Amino acid sequence: MTSLRPSPCFAPPMSSEQRKAFPFSEFEPKWQDVWEARKAFRTPNPGDADFDASKPKYFVLDMFPYPSGAGLHVGHPEGYTATDIIGRFKKMSGFNVLHPMGWDAFGLPAEQYAIKTGQHPRATTEKNIEGFRGQLKRLGFAYDWDREVNTTDPGYFKWTQWIFLKLYNSYVGEDGKAHPIAELEGKGLSREEIDSRRLAYVSSAPVNWCPELGTVLANEEVVDGKSEVGGFPVERRPMRQWMLRITAYAQRLIDELDGLDWPESIKLHQRNWIGRSEGAEVKFKVAGSEETITVFTTRPDTLFGATYMVLAPEHRLVDVLVSEEQITAVEEYREKAGRKSDMERTELAKDKSGVFTGAYAINPVNGEQIPIWIADYVLMGYGTGAIMAVPAHDERDFEFAQKFELPVKQVVQPPEGKDWQGFTDHGIAVNSGFLDGLSTPEAKKKIAAWLEEKGLGKGTVNFKLRDWLFSRQRYWGEPFPIVWEDGNHRSIPASELPLLPPTLEDFKPTGTPEPPLSKATDWVRYSATATRELNTMPQWAGSCWYYLRYCDAQNSERFVGEAAEKYWMGGGKPGGVDLYVGGTEHAVLHLLYARFWHKVLFDLGYVTTPEPFQRLVNQGLILGEDGQKMSKSRGNVVNPDDVVKEYGADSLRLYEMFMGPLEQVKPWSMKGVEGVYRFLARVWRLVMEVSEEGVWSVSAALQDVPANKQVTKALHEAIKKCGEDIEKLSFNTAISQMMICTKAFIAEEVMPASAVVTFLKVLSPFAPHIADDLNARIASKFPDLAVQGLLSDATWPKYDPAALIEDEVEIVFQVNGKLRDKARVPIQSTKEELEKLALASARVREFMEGKTPKKIIVVPGKLVNIVV
RNA sequence: GCCGCUGUGGUGAAAUGGUAAACACAGCAGACUUAAAAUCUGCUGGGAGGUAACUCCCUUGCCGGUUCGAGUCCGGCCAGCGGCACCA
């Protein structure tokens with residue numbers, strides 16, 4: 001490369017140093033080193049010598065990154081800069097600020113990358129973390145690095161395993177809260193009974209198996225029948241897996257969203273995912289049999305319209321019910337349905353299929369016999385796995401009835417002008433005996449009471465949410481602290497934690513559901529008669545509680561110290577973390593799982609709040625310059641390192657905040673980066689001037705003089721607006737105001753040094769390097785005017801309301817709401833004076849056309865509107 | 001199909017119901033310079049009239065409503081983006 005450069009003799013090239021409008025590449029690393037050496041952002045904990053208990057706390061959290069080999073992308077610094085500005089601002093405003101960072105480092109991509117490159121995942125993970133940490137430090141984030149956590153560190157996952165044991169050794173009682181399983185042991189329950197109530201339990205139900213990834217996946221990780229990671233086909237197959245009983249918390253996970261300051265869209269997303277629906281269970285007798293089938297319906301009011309019944313193909317009663325003639329057809333159908341992957345089931349969703357079992361059920365409400373079918377549009381995992389079909393008032397049942405020519409019977413009268421066939425909304429009950437004439441809600445109530453009275457059913461609630469499939473057949477995850485003996489599982493003692501994964505040369509998936517840990521034959525053997533659980537935990541495990549570890553990251557005695565947890569997570573609100581910023585992609589995964597774990601820990605008395613995150617803000621995606629999602633294949637990816645190299649970390653930070661509202665999706669613009677870069681250069685030149693030789697020194701214009709009225713006003717406006725906007729996370733408008741303030745300074749011949757220092761304090765949360773550097777330079781010339789030490793330790797300036805008030809304001813005169821004239825008037829002008837002034841205006845008179853005013857509205861300081 | 005979000009200049013955007021387009025980008029013109037870069041200054045939604053200073057009209061996706069006054073509040077529609085989708 002070097003040889004290709006033009007010779008300096010003919011065309012002296014601008015070196016990159018000379019081209020820079022201010023020497024950020026010198027002072028940015030310098031201040032990063034100073035902050036690190038002084039531990040400028042170390043946050044003392046309760047109990048530490050330098051802890052000040054009189055200060056309020058502020059816990060500001062980022063979604064910690066997965067340290068991939070690709071390094072940071074520009075989306076990371078977006079949220080991270082936002083929280084950094086808030087954290088720095090709160091610190092300057094007198095808060096104890098907890099603003100930590102860590103690594104979510106277990107998981108599939110690390111393992112796949114390791115397999116591909118023939119390295120151990122621990123080695124690649126270490127390397128990636130190193131890269132990420134360096135990149136974050138080069139952006140000047142004010143993290144307390146003493147609190148850094150790494151989910152793959154045995155000192156960390158020891159406690160992930162410990163929490164798993166808490167789940168394993170707990171059950172949900174009558175009160176809906178988690179209790180130690182020991183309470184059940186005391187009641188003399190059998191082993192099976194106890195195991196069936198644990199929050200972490202073993203199940204052999206069909207699960208999402210992804211052959212390509214060689215592991216099972218949670219429902220949340222399967223999108224359109226494909227794995228969320230990689231997009232590989234996923235099939236259903238029964239396997240013995242660990243499950244977490246998140247369904248026991250379904251209602252609380254819905255209810256307790258109410259007290260959180262989260263975007264409505266995310267709350268709604270979680271509510272929809274949990275999917276509560278109210279209805280009733282109805283028992284149907286099977287004709288000529290002792291069996292009864294219980295169905296779940298949200299429309300018990302349509303019971304009279306049930307013309308057939310459908311069981312899920314996997315329903316346990318199918319074998320019992322099926323008639324001699326139908327056995328072959330039913331067997332065939334069940335076999336076919338079982339083979340269908342989730343993807344096929346989704347694709348064929350609209351094409352109904354099913355088989356008659358040959359059996360009939362008796363409608364309890366009228367004694368009618370209705371045929372029992374099996375069909376895969378009824379899912380075993382929801383409700384009771386059986387439905388009563390009311391084709392007249394349910395779309396799916398209607399479709400099915402059409403295809404198989406089953407009767408359709410109207411039982412709801414729709415409003416005038418609507419066809420009753422396929423009418424699914426509320427109406428008036430008809431052809432329904434004692435329900436006739438009732439509105440849908442009334443009919444629901446009446447039939448529920450009737451069923452309950454006759455012992456034929458009861459009102460009940462169902463959720464779409466399923467229990468969380470918690471085991472994976474992978475190497476790079478937390479091993480379960482569980483051993484098996486004689487077909488039974490039991491936990492290992494907490495004293496044996498952390499349970500390290502075995503050192504394996506070959507950790508590739510086996511290609512079968514047998515986990516790779518099975519290859520560690522020594523490790524597997526726990527005792528002469530017991531073997532270890534071979535599955536590992538999913539990536540979500542570590543991220544379910546990392547925010548708690550930050551509170552007390554070095555604690556080796558407890559997952560988090562009691563005093564630290566109480567202080568940082570406390571504060572009288574449901575959620576402990578004051579502000580959590582991250583992308584929307586975790587709306588139902590991480591954010592639901594973490595809430596669940598937190599509630600269990602809360603019930604068991606290990607944490608003091610029912611919710612982990614009080615205020616949640618989603619940053620919007622940053623698109624490429626072409627307005628498309630950034631991707632390697634499109635070639636529109638912006639690398640933050642390049643931006644830092646060219647324009648500096650402060651410019652990158654400032655630009656990402658200036659682009660637009662944090663929550664919004666917005667495209668990148670390199671020209672926009674140059675804009676804020678020019679702004680920072682202007683700020684630099686408020687203080688610095690350059691000699692002919694290109695040497696920077698403190699400007700002669702900078703003097704110890706008081707600021708004049710205009711500058712003072714601009715400065716105090718900036719203090720006010722920036723303070724308010726930071727609280728609102730409206731960083732773009734805060735930056736605009738600083739730009740306006742800078743213009744006011746530039747207009748002056750003489751720079752008032754102490755006013756400039758105040759401005760630097762306001763700028764410092766946004767662009768901390770240049771602010772600290774300029775302050776230090778001013779301090780060298782005017783020690784009494786500048787901040788001694790770091791701006792982050794300074795106090796956020798107070799604005800003076802008096803400085804904001806102008807002597808004169810511009811008043812707008814309107815006629816019939818249209819702007820016709822303006823006037824500058826003294827600020828203290830009265831309503832009467834303004835009215836008089838407006839009526840005296842020649843232009844106003846012209847547009848009044850000699851008519852008399854009907855009404856005059858006067859808004860002091862703003863306008864006069866004359867209505868004629 | 002259902003749910004949610006968003007529609008404002010050439011572009012990113014701003015605006016407690018009170019002067020629409022702050023701030024920035026791009027563009028144009030000028031100053032400095034032998035020249036360029038950098039920097040600084042001015043102009044920059046559309047239309048009409050006027051030599052000009054200037055004046056008027058229109059403009060926040062579309063239609064309607066509330067109000068002295070609507071980008072903002074209410075109702076209906078359209079478009080784009082995102083999510084969910086046989087959950088009885």
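A, B, ... follow the sequence lines: proteins, then strands. Residue 1 opens every chain. Nothing here was measured: the structure is a model prediction, and the numbers come from that model.
The residue G675(A) sits close only to the backbone: its heavy atoms come under 4.0 Å of sugar-phosphate atoms, none of a base. Residue-level contact check: F658(A) touches the bases, meaning some heavy atom is under 4.0 Å from a base atom. Residue-level contact check: F813(A) touches neither bases nor backbone, having no heavy atom under 4.0 Å from any strand. The residue I740(A) sits close only to the backbone: its heavy atoms come under 4.0 Å of sugar-phosphate atoms, none of a base. Note on T733(A): only backbone sugar-phosphate atoms sit closer than 4.0 angstrom, heavy atoms only; bases stay farther off. As judged by a 4.0 angstrom heavy-atom cut-off over every strand, K671(A) is placed among residues touching the sugar-phosphate backbone only.
The side chain of R843(A) places no N or O atom within less than 4.0 Å of a non-bridging phosphate oxygen (OP1 or OP2) of U55(B). Here K818(A) reaches the OP1 or OP2 of C58(B): one of its side-chain N or O atoms lies under 4.0 Å away. At the phosphate of U19(B), neither OP1 nor OP2 sits under 4.0 Å from any side-chain N or O atom of R820(A). Considering only side-chain N and O atoms, Q664(A) lies under 4.0 angstrom from the phosphate OP1 or OP2 of A13(B). In terms of phosphate contacts, S277(A) brings a side-chain nitrogen or oxygen within less than 4.0 Å of OP1 or OP2 of A88(B). Between A24(B) and K743(A), a contact under 4.0 Å exists linking OP1 or OP2 to a side-chain N or O. Using a 4.0 Å cut-off, no side-chain N or O of N732(A) falls inside it from OP1 or OP2 of G12(B). For G12(B), the OP1/OP2 oxygens have no side-chain nitrogen or oxygen of K666(A) closer than 4.0 Å.
Remark: P of C84(B) and CG of L592(A) are 14 Å apart, rounded to the nearest angstrom. Between E663(A) atom CD and A13(B) atom P the separation is 13 Å, expressed in whole Å. The distance from atom CZ of R276(A) to atom C1' of C84(B) is 20 Å, rounded to the nearest whole Å. Note: CE (M739(A)) to P (A14(B)) measures 14 Å, nearest angstrom. Atom P of nucleotide C23(B) and atom CZ of R682(A) are separated by 12 Å, given to the nearest angstrom. Separating the CG atom of D397(A) from the C1' atom of C86(B) is a distance of 10 Å, rounded to the nearest angstrom. Between F398(A) atom CZ and A88(B) atom C1' there is a gap of 17 Å when expressed in whole angstrom units. For the pair M688(A) CE and U39(B) P, the interatomic distance rounds to 18 Å; values are reported in whole Å.
Going from the C1' atom of C23(B) to that of U33(B) covers 31 Å, rounded to whole Å. A24(B) and U44(B) are spaced 15 Å apart, taking the P atom of each and rounding to whole Å. Nucleotides C43(B) and C25(B) have their P atoms positioned 16 Å apart, rounded to a whole Å. Using P as the reference atom, C62(B) and U11(B) are 16 Å apart when rounded to the nearest Å. Taking the P atoms as reference points, C73(B) lies 15 Å from A14(B), given to the whole Å. The C1' atoms of G80(B) and U16(B) are separated by 30 Å, rounded to the nearest whole Å. Taking atom C1' in both G27(B) and G9(B), one finds a spacing of 13 Å when rounded to whole Å.
Of the nucleotides present, none pairs with A26(B) by Watson-Crick or G-U wobble criteria with both distances under 3.5 Å. Across all strands shown, nothing is found opposite C32(B) as a Watson-Crick or G-U wobble partner with both distances under 3.5 Å. Pairing for C56(B) goes to G47(B), judged as Watson-Crick or G-U wobble with the two contacts each under 3.5 Å. Judged by Watson-Crick or G-U wobble contacts below 3.5 Å, the nucleotide G7(B) has C78(B) as its partner. Remark: C73(B) base-pairs with G65(B). Criterion, Watson-Crick or G-U wobble with two distances under 3.5 Å. Nucleotide A88(B) is matched to nothing when pairs are restricted to Watson-Crick or G-U wobble geometry with both distances under 3.5 angstrom.
At distances below 3.5 Å, at least one donor-acceptor pair connects side-chain atoms of S669(A) with backbone N or O atoms of G672(A). For the pair K666(A) (side chain) and P661(A) (backbone), a donor-acceptor distance under 3.5 Å is present.
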Restricting to nitrogen or oxygen on both sides, can you table the protein-nucleotides 65-71 of chain B pairs closer than 3.5 Å?
unit_1 : atom_1 : unit_2  : atom_2 : d
C68(B) : OP1    : K855(A) : NZ     : 3.3
C68(B) : O2'    : N865(A) : ND2    : 3.4
C68(B) : O2     : N865(A) : ND2    : 2.5

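For the atom pair H393(A) NE2 and D425(A) CG, the distance stands at 11.5 Å (nearest 0.5 Å). Rounding to the nearest 0.5 Å places CD of E835(A) at 10.5 Å from CD1 of I857(A).
Looking only at side-chain heavy atoms (C-beta outward), M657(A) and V676(A) stay at 4.5 Å or farther from each other. Looking only at side-chain heavy atoms (C-beta outward), E674(A) and R678(A) come within less than 4.5 Å of each other.
Within a 6.0 Å radius of CD in E395(A), other residues, nucleotides and ligands contribute 12 heavy atoms or fewer.
Remark: of the listed residues Y677(A), W696(A), Y647(A), Y677(A) is the sole one forming a ring-ring contact (aromatic ring centres under 6.0 Å, His included) with F22(A). Evaluated for a side chain to side chain contact (heavy atoms under 4.5 Å, CB included) with Y799(A), the options E717(A), H716(A), K721(A) yield exactly one hit, H716(A).
Of the two residues contacting RNA chain B, namely G660(A) and Y382(A), the nearest-nucleotide position lying further toward the 5' end is that of G660(A). Along RNA chain B, the nucleotide nearest F463(A) and the nucleotide nearest R678(A) are compared for position; the residue whose nucleotide lies closer to the 5' end is R678(A).
Proximity note for D394(A) (side chain, C-beta onward) versus A88(B), C23(B), U39(B): the nearest is A88(B).
Defined by atom type and a distance below 3.5 Å, a donor-acceptor pair is present between the side-chain atoms of D725(A) and T733(A).
Stacking of K352(A) on the aromatic ring of F400(A) is not recorded, the 6.0 Å distance cut-off and the 45° axial limit not both being met.
Base orientation for G9(B): syn, the chi torsion being within 90° of 0.
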